[in-house]
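To start, the structure under review is shown below, and the notes come after it.
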Amino acid sequence: MDRFMKRAVDLAVNNVREGGQPFGAVLVKNNQVVAEGVNELHKTYDVSGHAELLSIRRAQEELKTHDLSGFTMYASGEPCPMCLTAMYFAGIEDVYYAASVDQAVQAGLGVYDDLQKQQEERLLMMKHVPLEEGQEDPMKLWKEKTAE
């Protein structure tokens, strides 16, 4: 097992022993650890306190950048959609993980089971509300501003 993956799994194991969830992450660039994280929900009461997000936040804060192109994420578990989206936004190019979503479901982490369902079958009901006529469209504005 790669030393970075081993570190991510060791972080996850220690986190479980301390009362947390089984997730650890190591963010690497040029074969060097830049930042690490574990799920801290049990400590911070912040549902976004996932291992991958915390390692991304720490790296971006330390390096004063949003661009993590060329970085590699090692995670003890397959990243959730929130973490995966953050990795896309940060420009992370490679992700390695140990436990799959199926293994997380089998371990009793139920949100993963719900995320595999079609949107209309999920426990969290989402409803589309279109913009009112004449209301400025923030997506259109973004597209125009980024095309400049």
Side-chain angles (χ1 to χ4, degrees), residues 2 4-16 20-131 135-148:
D2 178 282
F4 301 124
M5 183 58 74
K6 183 177 182 330
R7 177 66 180 154
V9 171
D10 288 346
L11 287 168
V13 167
N14 290 336
N15 199 45
V16 171
Q21 293 180 339
F23 300 104
V26 178
L27 189 59
V28 175
K29 183 162 187 185
N30 297 327
N31 218 27
Q32 296 291 320
V33 174
V34 176
E36 298 179 337
V38 297
N39 275 38
E40 295 182 358
L41 284 69
H42 64 296
K43 294 179 182 178
T44 62
Y45 306 101
D46 174 2
V47 296
S48 70
H50 288 202
E52 299 92 336
L53 283 178
L54 292 173
S55 63
I56 290 169
R57 287 177 189 158
R58 289 171 181 149
Q60 289 180 327
E61 185 176 341
E62 183 177 324
L63 300 171
K64 305 290 186 238
T65 185
H66 294 116
D67 184 8
L68 298 180
S69 300
F71 285 69
T72 301
M73 180 69 73
Y74 293 84
S76 63
E78 187 173 348
C80 73
M82 177 176 63
C83 293
L84 186 60
T85 301
M87 288 182 237
Y88 273 109
F89 284 139
I92 293 171
E93 298 167 359
D94 292 303
V95 180
Y96 297 91
Y97 62 90
S100 69
V101 167
D102 289 337
Q103 289 170 300
V105 170
Q106 291 171 7
L109 294 158
V111 70
Y112 291 94
D113 188 37
D114 205 49
L115 289 171
Q116 293 177 335
K117 297 176 184 173
Q118 293 295 318
Q119 183 177 355
E120 60 275 0
E121 297 172 358
R122 294 182 188 155
L123 295 174
L124 178 62
M125 289 293 119
M126 295 174 47
K127 297 159 186 77
H128 177 245
V129 179
L131 297 175
Q135 188 174 10
E136 189 170 18
D137 183 341
M139 295 298 169
K140 182 179 176 185
L141 180 61
W142 170 257
K143 186 175 181 179
E144 291 167 359
K145 287 210 155 275
T146 57
E148 294 174 355

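- Other residues, nucleotides and ligands contribute only 12 or fewer heavy atoms inside 6.0 Å of the CE atom of Met139.
- One distance of note links CE of Met73 with CG of Leu84; it measures 10.5 Å at 0.5 Å rounding.
- In terms of heavy atoms, Lys29 sits closest to Ser69 at NZ-O, 3.6 Å.
- Between the CZ atom in Phe71 and the OG atom in Ser55 there is a gap of 10.5 Å [rounded to 0.5 Å].
- Side chains of Asp102 and Ser100: no donor on one and acceptor on the other come within 3.5 Å.
- The ring pair (Phe, Tyr, Trp, His ring centres under 6.0 Å) check on Tyr96 picks up Tyr74, with sequence neighbours excluded.
- The shortest side-chain heavy-atom distance between Asn14 and Val38 does not fall under the 4.5 Å cut-off.
- Contact check for Val95 versus Met87: side-chain heavy atoms found under the 4.5 Å cut-off.
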Please lay out, stage by stage, how Glu40 and Asp46 fare under the test side chain to side chain contact (heavy atoms under 4.5 Å, CB included).
CA-CA 8 Å; Glu40 295 182 358; Asp46 174 2; over 6 Å; no
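- Within a 6.0 Å radius of CD in Glu121, other residues, nucleotides and ligands contribute more than 12 heavy atoms.
- Heavy atoms only, all atoms of each residue included: Gly37 and Ala51 are closest at O-CB, 3.4 Å.
- Taking every heavy atom of both residues into account, Ala99 and Gln103 meet most closely at CA-OE1, 3.0 Å.
- Taking CD of Glu120 as the start and CE of Met126 as the end, the distance is 11.5 Å to the nearest 0.5 Å.
- Here the shortest heavy-atom pairing between Glu52 and Ala75 reads OE2-CB, 3.6 Å.
- Nearest heavy-atom pair, Asn15 versus Phe23, reported as atom, atom and distance to 0.1 Å: ND2-O, 4.2 Å.
- The ring-ring contact (aromatic ring centres under 6.0 Å, His included) pairs that include a residue from residues 37-62 number zero, where partners must be two or more places apart or lie in different chains.
- For the salt bridge (charged side-chain N to carboxylate O under 4.0 Å, His left out) test, residues two or more places apart in sequence or in another chain that qualify with Asp10 are Lys6.
- Crowding of Lys143 atom NZ: a count of heavy atoms from other residues, nucleotides or ligands under 6.0 Å not exceeding 12.
- Residue Thr72 holds its OG1 atom at 9.5 Å from CG of Asp2, rounded to the nearest 0.5 Å.
- Contact between Ala8 and Ser76 at its shortest, heavy atoms only, is O-CB, 3.8 Å.
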Could you walk me through whether Glu36 and Leu11 pass side chain to side chain contact (heavy atoms under 4.5 Å, CB included), step by step?
CA-CA 9 Å; Glu36 298 179 337; Leu11 287 168; 4.0 Å; yes
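- Note that CG of Leu27 is 13.5 Å distant from CZ of Arg57, once rounded to the nearest 0.5 Å.
- Within a 6.0 Å radius of CD in Glu61, no more than 12 heavy atoms belonging to other residues, nucleotides or ligands are found.
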Could you go step by step and tell me if Leu68 and Val34 meet the side chain to side chain contact (heavy atoms under 4.5 Å, CB included) rule?
CA-CA 11 Å; Leu68 298 180; Val34 176; over 6 Å; no
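- Taking the side chain as every heavy atom from C-beta outward, Ile92 and Ile56 approach each other to under 4.5 Å.
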